[in-house]
Amino acid sequence: MGSTVSQPQVILRLQQIIPASHLLVREDDKAWYTKGFRVGRGKALAVALPQTLLQLWQVLKICVETDTIILMQASNTGVTGGSTPDGDDYDRELVVVSTRLLKGVHIIDEARQVIALPGSTLTELENALRPHHKEPHSVIGSSCIGASVVGGVCNNSGGSLIRRGPAFTEKSLFAQITANGELQLVNHLGIDLGDTPEEMIRRIEQQDYTTGHQQDWQGKIWADDYADILRDVDADSPARYNGNTSYLHDSAGCAGKLAVFAVRLATFDACESTDTIYIGTHDESELVALRRFLLEKLSSLPLQAEYIHRNAFDLTIRYAKHMYRAIDRFGPEALPTLLARKARWDVRVKNLRILPHNAVDRMLQMVNRLTPKAVAPRLLQWRNRFEHHLMIKCDARDTAELESLVSTFFTQRQGDWFRCDSREQKDAFLIRFGVGGCTICYCDYFAMDTNQRLVAFDVALRRNDADWRIKLPAHLADQVLEESCCGHFFCFVNHQDYILRPGVDAKKFKDEVIACIEARGARYPAEHNVGHLYHATGEHEQHLRQLDPTNSYNPGIGKTSKRKFWQ
């Protein structure tokens, strides 16, 4: 690793901007920020946590002037390792710049739109909009628990909300490094903020601006064509996938190749009340047929349609129970803090050297094993009856039509359904969105290296595909110890995790499964960004090169070059 400026000089300059408590240089202190939620781990010279947007700008300037790699990180809830360092083979020093302290949401345009600052979370945005009877593009559970608003936009995160599509906007304020290495602040918000970076930063932070009078106010701020795309059930292509050029614009889909200071997004009318229809069957083809039937027949699309396989249900209520119970008791906004505390305890236990490294995980799983499942009884009954589970949430005004169509469909089909009461609806979605952590918790409990034993696929199926799950050839199925499958069913986005048996070559396994996926005409990743797990396509890489010609932001993303100027 090499740099034109020494390590002590870079840190000294950063210390002049960031208080010592927010500039982490000790390995134990950096650990939470240099290890991915699921996969990914690497080295960083320091972790900077600016407390103001001006500090963020100053940190970026120092990194550019010292030829230091910038790795922007929001909530560190990504699942493909794209917001953490990847190894130690970079050609320059690397600083992780965490925006988690830069919170703030501005309600504008009579609550029809919002301005979200870098560290704002989905939960924060939901809470800010609730008094206005509005909702954001994504709601908690649509993405990782604790996920940031800006992170979702940068990753084109898809989420579970059927009508709204991938996170997208053409309107943002971002810092870009030009081909000649100059840092510039680009205002594409459609809001007049002044001329200099310092003035723009002050005015956006203090909400010192007016809206609605600028020429470019009418920009595209959400994927407003997505519902029509979903309705085309005969199309031989996916509804959404990461790297789709239709949804790449400035900060949207930038994958950390820009430092985003603010995004402008649409809001949506909140439902007065919702209902959930819970469906079970032993034949997944019945659900595939139901999807087509409802997309063609429903007057109004439902809000969510979430699939979970029985094995994923079991793994979640056994190994991730502490997560969904924490969300239920403390609220989703508490989970990132709880996970950070756990990470600090993991470090302390590791340094003790008298306890196993996974002692905290063992304690959590002991509690999970000894406490009740905390799941509505009818959901457990359905788990015993059926292998495949689908929960469809709709606006209460649309419930009668949905129930009528589902009832008609199952008159001649194998399966059953019921309308959830309030507790069943809550528990169903808590379990569904606890699935994302169940395989992590399993690996942590059994002290497995997730980089070697856990292989995850995030697949966008063709809209006319006749199958749902990934069907492995026998020789690959024999290499799997445990598997978990869930997904956004109407969007035909399948999330499949495999925990491999000891000694299995994870890379070879993954390559062979990818060949199966490609043979089906599917695209991957569907919504979690390429990170450091997937290869960016040629057109996607070209877009990333245009955003960051010097390759100073998050180099190596999408398995591209880590070297300066992409050499």
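Only this structure's heavy atoms are used, side chains among them; waters, hydrogens and symmetry mates stay out.
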Inset, instruction - Would you indicate whether the side-chain heavy atoms of Leu265 and Val149 approach each other to under 4.5 Å? - result: yes
Legend entry - Main-chain N/O of Thr80 paired with Asp458 side-chain donor or acceptor, under 3.5 Å: no
Legend entry - Aromatic ring proximity, centroids under 6.0 angstrom, Tyr278 and Trp417: no
Legend entry - Passing option when Leu125 is tested against Ser138, Pro136, Ser120 for side chain to side chain contact (heavy atoms under 4.5 Å, CB included): Pro136
Legend entry - Validation row: His543, Glu539 side chains within 4.5 angstrom (heavy atoms): no
Legend entry - Modelled atom types, side-chain donor and acceptor of Asp283 and Ser285, under 3.5 Å: yes
Inset, instruction - Taking Asp328 for its side chain and Tyr324 for its backbone only, find out whether a donor-acceptor pair lies under 3.5 Å. - result: no
Legend entry - Glu284 with Lys471: basic N within carboxylate O range, under 4.0 Å: yes
Inset, instruction - Count the heavy atoms of every other residue, nucleotide or ligand shown that sit under 6.0 Å from CZ of Arg41, and state whether that count exceeds 12. - result: no
Legend entry - Rounded distance (nearest 0.5 Å) linking atom CZ of Phe492 with atom CZ of Arg291: 4.5 Å
Legend entry - Student check: side-chain heavy atoms of Leu248 and Phe168 closer than 4.5 Å: no
Inset, instruction - Please say whether the positively charged group of Lys297, taken as NZ for Lys or CZ for Arg, lies over the ring of Phe409, i.e. under 6.0 angstrom from the six-membered ring centre and within 45 degrees of the axis. - result: no
Inset, instruction - Inspect the contact between Glu424 and Arg378 and indicate whether a charged nitrogen and a carboxylate oxygen are less than 4.0 angstrom apart. - result: yes
Legend entry - Sub-4.5 Å side-chain heavy-atom contact between Asp275 and Arg419: yes
Legend entry - Close side-chain approach of Gln113 and Thr267, heavy atoms under 4.5 Å: no
Inset, instruction - Please confirm whether His282 and Phe386 have ring centers closer than 6.0 angstrom. - result: yes
Legend entry - Short side-chain to backbone donor-acceptor contact, Gln479 and Val504, under 3.5 Å: no
Inset, instruction - Kindly check if the number of other-residue, nucleotide or ligand heavy atoms within 6.0 Å of CZ (Arg369) is above 12? - result: yes
Inset, instruction - Please test Glu387 against Arg310 for salt bridge (Lys or Arg N to Asp or Glu O under 4.0 Å), starting from the C-alpha separation and ending with a verdict. - result: CA-CA 5 Å; Glu387 181 180 358; Arg310 179 161 57 193; 5.1 Å; no
Inset, instruction - Establish, yes or no, whether a centroid distance under 6.0 Å links the rings of Tyr241 and Tyr524. - result: no
Legend entry - Over 12 foreign heavy atoms within 6.0 Å of CZ, Arg501: yes
Inset, instruction - Before giving the answer on salt bridge (Lys or Arg N to Asp or Glu O under 4.0 Å), spell out for Lys342 and Asp361 the whole-Å C-alpha distance, their side-chain angles and the decisive distance to 0.1 Å. - result: CA-CA 9 Å; Lys342 176 186 176 297; Asp361 297 285; 3.1 Å; yes
Inset, instruction - For the residue pair Asn242 and His540, establish whether any side-chain heavy-atom pair is separated by less than 4.5 Å. - result: yes
Inset, instruction - Could you label the plane-to-plane angle of the Phe433 and His488 rings as parallel, tilted or perpendicular, counting under 30° as parallel and over 60° as perpendicular? - result: tilted
Inset, instruction - Considering only NZ, NE, NH1 and NH2 on the basic side and carboxylate oxygens on the acidic side, decide whether Asp416 and Arg385 come within less than 4.0 Å. - result: yes
Inset, instruction - Using the side-chain contact (heavy atoms from CB on, under 4.5 Å) rule, take Tyr498 and Leu472 through it: C-alpha gap first, then chi angles, then the decisive distance, then the call. - result: CA-CA 11 Å; Tyr498 297 106; Leu472 298 181; 3.6 Å; yes
Legend entry - Test: Asp427 and Lys321 ion pair at under 4.0 Å: no
Legend entry - Parallel, tilted or perpendicular, as decided by the 30° and 60° cut-offs, for the rings of Tyr319 and Tyr445: tilted
Inset, instruction - Using a strict 4.0 Å threshold on nitrogen-to-oxygen distance, state whether Asp467 and Arg462 make a salt bridge. - result: no
Legend entry - Name of the residue among Gln304, Glu306, His389 meeting side-chain hydrogen bond (donor to acceptor under 3.5 Å, both in side chains) with Arg432: Glu306
Inset, instruction - Ignoring hydrogens and angles, tell me if any N or O in the side chain of Asp505 forms a donor-acceptor pair with the backbone of Lys508 under 3.5 Å. - result: yes
Inset, instruction - Side-chain contact test, heavy atoms from C-beta onward, threshold under 4.5 Å: evaluate it for Leu500 versus Leu481 and give yes or no. - result: no
Inset, instruction - Output yes when a side-chain donor or acceptor of Asn554 lies under 3.5 Å from a complementary backbone atom of Ala255, and no otherwise. - result: yes
Inset, instruction - Ignoring hydrogens and angles, state whether a donor on the side chain of Gln381 or Asn384 is under 3.5 Å from an acceptor on the partner side chain. - result: no
Legend entry - Close side-chain approach of Ile279 to Ile277, heavy-atom, < 4.5 Å: yes
Legend entry - Gap between atom CG of Leu533 and atom NZ of Lys510 - 0.5 Å precision: 4.5 Å
Legend entry - Pair Glu126 + Lys134, salt bridge at N-O below 4.0 Å: no
Legend entry - Flag for Ser300-Arg163: side-chain donor and acceptor within less than 3.5 Å: yes
Legend entry - Within 45° cone of Phe429 ring axis and under 6.0 Å: Lys393 NZ or CZ: yes
Inset, instruction - Kindly say whether Gly165 contributes a backbone atom to a donor-acceptor pair with the side chain of His137 at under 3.5 angstrom? - result: yes
Legend entry - Donor-acceptor under 3.5 Å (Asp395 side chain, Pro302 main chain): no
Legend entry - Spatial distance of atom CD1 (Ile229) from atom OH (Tyr226) [nearest 0.5 Å]: 7.5 Å
Inset, instruction - Spell out, as yes or no, whether a donor-acceptor pair under 3.5 Å connects the side chain of Arg100 to the backbone of Ser148. - result: no
Legend entry - Working for side-chain contact (heavy atoms from CB on, under 4.5 Å), residues Leu301 and Arg231: CA-CA 9 Å; Leu301 292 182; Arg231 295 268 197 186; 3.6 Å; yes
Inset, instruction - To the nearest 0.5 Å, tell me how far Asn464 CG sits from Ser237 OG. - result: 8.0 Å
Legend entry - Spacing of Thr169 atom OG1 and Lys220 atom NZ [to the nearest 0.5 Å]: 10.5 Å
Legend entry - Any donor-acceptor pair under 3.5 Å from Ser407 side chain to Glu403 backbone: no
Inset, instruction - Return yes if some donor-acceptor pair links the side-chain N/O of Ser404 with the main-chain N/O of Glu401 below 3.5 Å, else return no. - result: no
Inset, instruction - Answer yes or no: are there more than 12 heavy-atom neighbours, outside Lys373 itself, under 6.0 Å from its atom NZ? - result: no
Inset, instruction - Quick one: sort the Phe489 and Trp468 rings into parallel, tilted or perpendicular, breaks at 30° and 60°. - result: perpendicular
